[in-house]
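Keep in mind it's a predicted model, so treat the numbers as computed, not measured. As the structure lists them, so they are numbered: ligands from 1, and atoms in each ligand from 1.
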Amino acid sequence: MIDLAAIRENMAHIRSATHPSAKVMAVVKADGYGHGSVEVSRAALAGGADMLAVASVAEGTVLREKGIRAPILVLGAVLAADVAEGVENDIIQTVCTPEMVRLCEEAAAKTEKQTKVHLKIDTGMGRIGVRNREERDAVLQELINSPHVLLDGAFTHLSDADDGEDGMAYTEGQFQKFLELTKDLPQHVIRHCANSAAIHRRPDMALDMVRAGISLYGYPPVETGLELKPCMRWTAKVSYVKELPAGEYISYGRTFRTDRPTRVATVTCGYADGYHRSASGKAEVLIHGRRVPVLGRICMDQMMADVSELDNVQPEDEVVLMGESGNERITAEDLAAWSGTISYEILLSVGSRVERVFTE
Ligand SMILES: *Cc1c(COP(=O)(O)O)cnc(C)c1O
């Protein structure tokens with residue numbers, strides 16, 4: 001279940017915490033961090049987002065096909081095979097070499113339209129982007145010779161803004177390098193560097209735009225005074241209940257053996273649904289508003305939970321894998337801790353066979 005009102009409200013909170021002169025971009029790549037990019041985009045725009053960001057032209061095309069007209073930026077670098085589709089769909093692409101500018105110019109000239117690009121600057125992420133003034137100037141020179149390509153923005157990505165003191169010092173260095181490499185760009189160029197962590201910790205780094213990803217979905221990566229609410233609730237069902245005596249094994253590899261008579265519920269979710277197998281032995285689920293342990297290894301399509309302490313658990317009963325039930329709550333961060341990853345990957349892992357139900 002995806003709470004679109006929460007997406008809208010989270011965006012409104014981020015909007016109000018950001019300097020009014022800065023735009024806010026909603027990062028909806030990877031199908032809106034697993035929440036559904038079309039619905040999330042609409043909710044984020046309703047909450048005050050000015051622009052959208054995706055990972056690839058194909059992801060942007062999905063939004064255009066659903067009638068979303070807001071500016072869309074592809075965060076990844078231009079690829080020859082995709083550039084024409086990007087131009088056609090009025091999607092802003094990211095350039096970091098003269099060759100990428102040439103690809104955009106060729107595609108745009110054919111359609112006799114202008115296309116917008118953002119220049120990516122690598123200030124210490126080590127991913128994509130120009131690394132110094134010389135590389136930057138080569139791109140700017142190519143832009144001068146490209147009448148169909150307009151430089152609309154320039155951005156960098158912070159690699160350690162959610163970390164401790166040392167990380168913040170590194171972030172400051174990245175910020176200063178970015179300022180240095182963008183200070184002489186034309187006034188209209190949108191300069192942006194802040195991801196969720198920087199939005200909360202360093203509002204002074206907003207410049208002309210911030211890029212809100214994980215915080216939009218209610219999982220700020222650092223302390224924040226903003227009331228951001230998780231937007232995804234993930235449930236399954238009990239399919240079967242049995243009583244086992246002491247001394248019985250449960251699931252593959254016999255990693256769990258009952259040490260007392262145990263009532264076991266089988267649950268309709270497994271690693272094929274994106275519930276990480278690596279959470280075996282640690283995971284818990286909520287049934288009837290109570291927190292109960294998952295027993296033994298998580299299987300492909302099913303898992304078993306200990307419901308000995310619960311009365312009257314029946315097939316069809318709801319099992320909350322992530323979200324609230326009664327006074328209990330399981331967060332993406334809990335799931336991440338059990339399976340040795342981060343909240344981002346948990347949200348994105350929820351499988352395509354898990355139906356997304358949207359609520360306002
Ligand atoms: C994914 C991404 C973001 C969003 O990061 P969050 O930590 O989720 O806010 C921002 N900028 C770029 C370039 C990204 O790739």
With [X] via ring-ring contact (aromatic ring centres under 6.0 Å, His included) - residues at least two apart:
| X | result |
| --- | --- |
| H157 | none |
| Y219 | none |
| H200 | none |

Practice item. Can you establish whether the number of heavy atoms outside R353 located under 6.0 Å from its atom CZ is more than 12? Key: yes
Review point. Near Y249 OH, under 6.0 Å, is it more than 12 heavy atoms from other residues, nucleotides or ligands?
Key: yes
Review point. Is M322 linked to V40 within one hydrophobic cluster, defined over Ile, Leu, Val, Met, Phe, Trp and Tyr using a side-chain heavy-atom separation of less than 4.5 Å?
Key: yes
Revision key, fill the gap. Near ligand 1 (heavy atom, under 4.0 angstrom), the protein residues are V27, K29, Y33, L75, R127, H157, N195, S196, R211, G213, I214, Y344
